[in-house]
J.: 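Sharing a structure, written as structure tokens. Questions coming.
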Amino acid sequence: MDSFEFNKIAGAVLGTLLFAMGLGIVADVIFKPKLPIVAGYDLPSAEAAPAKAAAAAPAAAVAPIAERLASADAKKGEAGAKACASCHAFEKGGANKIGPALYGVADRPKGSVAGFNYSAALKDRAAKGEKWDAASLDAFIANPKQYMPGTSMGYAGLADPARRADVVSYLQSLK
Ligand code: HEC
């Protein structure tokens, strides 16, 4: 390889490097990033949270059970109670199943069915002398584990307040 050949190769390499550098500078000028005036990211502001809570509040406001019972339908409740029937007997003299027999449960002392092995949580309520009034039935059926942490009732809960009132109305009719 003579020196002329070498010069040509070196020139080509240098030229390529120069071109790449120039391209970088030109690109920087064209695509100049807009830097924020204040460094960092915008965090959700504190005002957003109460606004959300306020929006959720009307949905959470459920009419008291006494009010809902006035327009409840025990017949619809009987259909709704099908979801309970795998664990509970509703007929008079019905046997305990996975859960205690529920005939006459309304206004009955909690945890009072003979021969049923209640959870410690429910025995605790029984020891306090609590009864299954409409409000506690409503709250228990809405979310058993929330109303009574530690209960052995493996039922997720019935969220719809009107359908729950129907079920409570049905339970009250079992006497
Ligand atoms: C997967 C089974 C299961 C389902 C489904 C179920 N329960 Fe229960 N239920 C239980 C068990 C178990 C207990 C006992 C809970 C304890 O000892 O903590 C119980 C207890 C109760 C009690 C308390 C009774 C007492 O003597 O103190 C009521 C009331 C009740 N269930 C109502 C219902 C209703 C109404 C439904 C349907 C909406 C329902 N349950 C669905 C298993 C179930």
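Every number for a ligand or one of its atoms is a count from 1 in the order of the listing. For clarity, every value in this text was computed on a predicted model and none was experimentally measured.
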J.: Establish, yes or no, whether the cationic atom of R125 lies under 6.0 Å from the six-membered ring centre of Y147 and within 45° of the ring axis.
T.: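 Yes; both conditions hold, so R125 lies above the ring face of Y147.
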
J.: Among all protein heavy atoms, pick out the one at the shortest distance from atom 32 (C) of ligand 1; state its residue, atom name and that distance to 0.1 Å.
T.: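 Among all protein heavy atoms, the one nearest atom 32 (C) of ligand 1 is L102 CD1, 3.5 Å.
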
J.: If you count the non-hydrogen atoms of other residues, nucleotides and ligands that lie under 6.0 Å from NZ in K131, is the total more than 12?
T.: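 Check fails, neighbour count at 12 or below.
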
J.: Under 4.0 Å, counting heavy atoms only: does A81 come that close to any atom of ligand 1?
T.: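 Outside the 4.0 Å threshold, so no.
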
J.: What residue and atom, counting heavy atoms only, is the protein's closest point to atom 36 (C) of ligand 1, and at what distance?
T.: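 Looking only at protein heavy atoms, the one closest to atom 36 (C) of ligand 1 is C84 SG, 2.7 Å.
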
J.: At a 4.0 Å threshold, what atoms of ligand 1 neighbour a non-hydrogen atom of L122?
T.: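 Selected atoms, number and element: 15 (C), 16 (C), 17 (O), 18 (O), 27 (O).
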
J.: Distance to 0.1 Å, residue and atom name: give those for the protein heavy atom nearest to atom 22 (C) of ligand 1.
T.: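 Result for atom 22 (C) of ligand 1: F140 CE2, 3.5 Å.
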
J.: Whether R68 and D138 form a salt bridge (side-chain N of Lys/Arg under 4.0 Å from carboxylate O of Asp/Glu) is what I want to check.
T.: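 Between R68 and D138 there is a salt bridge, with a charged N closer than 4.0 Å to a carboxylate O.
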
J.: State plainly whether one hydrophobic cluster holds both F31 and L23, where clusters connect Ile, Leu, Val, Met, Phe, Trp and Tyr through side-chain heavy atoms under 4.5 angstrom apart.
T.: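 No.
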
J.: Report yes or no: does a heavy atom of I141 sit under 4.0 Å from some atom of ligand 1?
T.: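 It does; at least one heavy atom falls under 4.0 Å.
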
J.: Check contact between S152 and ligand 1, using heavy atoms of the residue and a distance below 4.0 angstrom.
T.: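 Right, S152 reaches ligand 1.
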
J.: Report the C-alpha separation of M148 and D124 in whole Å, then their side-chain angles, then the decisive distance to 0.1 Å, and conclude whether the side-chain contact (heavy atoms from CB on, under 4.5 Å) test is met.
T.: CA-CA 10 Å; M148 196 187 294; D124 198 43; over 6 Å; no

J.: Are R125 and ligand 1 in contact, using a heavy-atom cut-off of under 4.0 Å?
T.: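 It does not, in that no heavy atom of R125 comes within the 4.0 Å cut-off of ligand 1.
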
J.: Would you please say whether a donor-acceptor pair under 3.5 Å links the side chains of D133 and S136?
T.: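 Side chains of D133 and S136: pair found under 3.5 Å.
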
J.: Tell me the contacting part of L137 for ligand 1: side chain, backbone, both, or neither, using a 4.0 Å heavy-atom threshold, strictly below.
T.: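 Contact part for L137 vs ligand 1: side chain (C-beta onward).
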
J.: For atom 8 (Fe) of ligand 1, find the closest N/O/S atom belonging to H88 and write down its atom name.
T.: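 Nearest N/O/S atom: NE2.
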
J.: Which atoms of ligand 1 have any heavy atom of T151 under 4.0 Å away?
T.: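 Every atom of ligand 1 under 4.0 Å from some heavy atom of T151: 15 (C), 16 (C), 18 (O).
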
J.: Taking 4.0 Å as the limit for heavy-atom contacts, which would you say applies to N117 with ligand 1: side chain only, backbone only, both, or neither?
T.: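 Looking at N117 and ligand 1, no heavy atom falls under 4.0 Å.
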
J.: In terms of hydrophobic clusters joined by side-chain contacts under 4.5 Å, are I141 and V62 together?
T.: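 In one cluster: no.
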
J.: Nearest protein heavy atom to atom 13 (C) of ligand 1, by residue and atom, and its distance?
T.: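 The closest one turns out to be P100 CD, 3.6 Å.
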
J.: Counting heavy atoms only, name the option from I98, N96, D138 that's nearest to atom 12 (C) of ligand 1.
T.: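 Checking each option, the heavy atom nearest atom 12 (C) of ligand 1 is found in I98.
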
J.: Are any non-hydrogen side-chain atoms of W132 and L171 less than 4.5 angstrom apart?
T.: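 They are not in side-chain contact.
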
J.: Among protein heavy atoms, which sits nearest to atom 14 (C) of ligand 1, and what does the distance come to when rounded to 0.1 Å?
T.: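 The closest one turns out to be F116 CE2, 3.6 Å.
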
J.: Is it the side chain (CB and beyond), the backbone, both or neither of Y118 that lies under 4.0 Å from ligand 1, heavy atoms counted?
T.: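 Answer for Y118: both.
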
J.: Can you pull out the closest protein heavy atom to atom 3 (C) of ligand 1? Residue, atom name and distance to 0.1 Å, please.
T.: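 Looking at atom 3 (C) of ligand 1, the protein heavy atom closest to it is C87 SG, 2.7 Å.
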
J.: Which atoms of ligand 1 sit under 4.0 Å from any heavy atom of S119?
T.: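 Taking each heavy atom of S119 in turn, ligand 1 has 16 (C), 17 (O), 18 (O) under 4.0 Å.
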
J.: For atom 5 (C) of ligand 1, find the nearest protein heavy atom and state the residue, atom name and distance (0.1 Å precision).
T.: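 For this ligand atom, the closest protein heavy atom is A83 O, 3.5 Å.
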
J.: Please list the nearest protein heavy atom to atom 25 (C) of ligand 1 with its residue and the distance rounded to 0.1 Å.
T.: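 Scanning the protein heavy atoms, the shortest distance from atom 25 (C) of ligand 1 goes to W132 NE1, 3.3 Å.
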
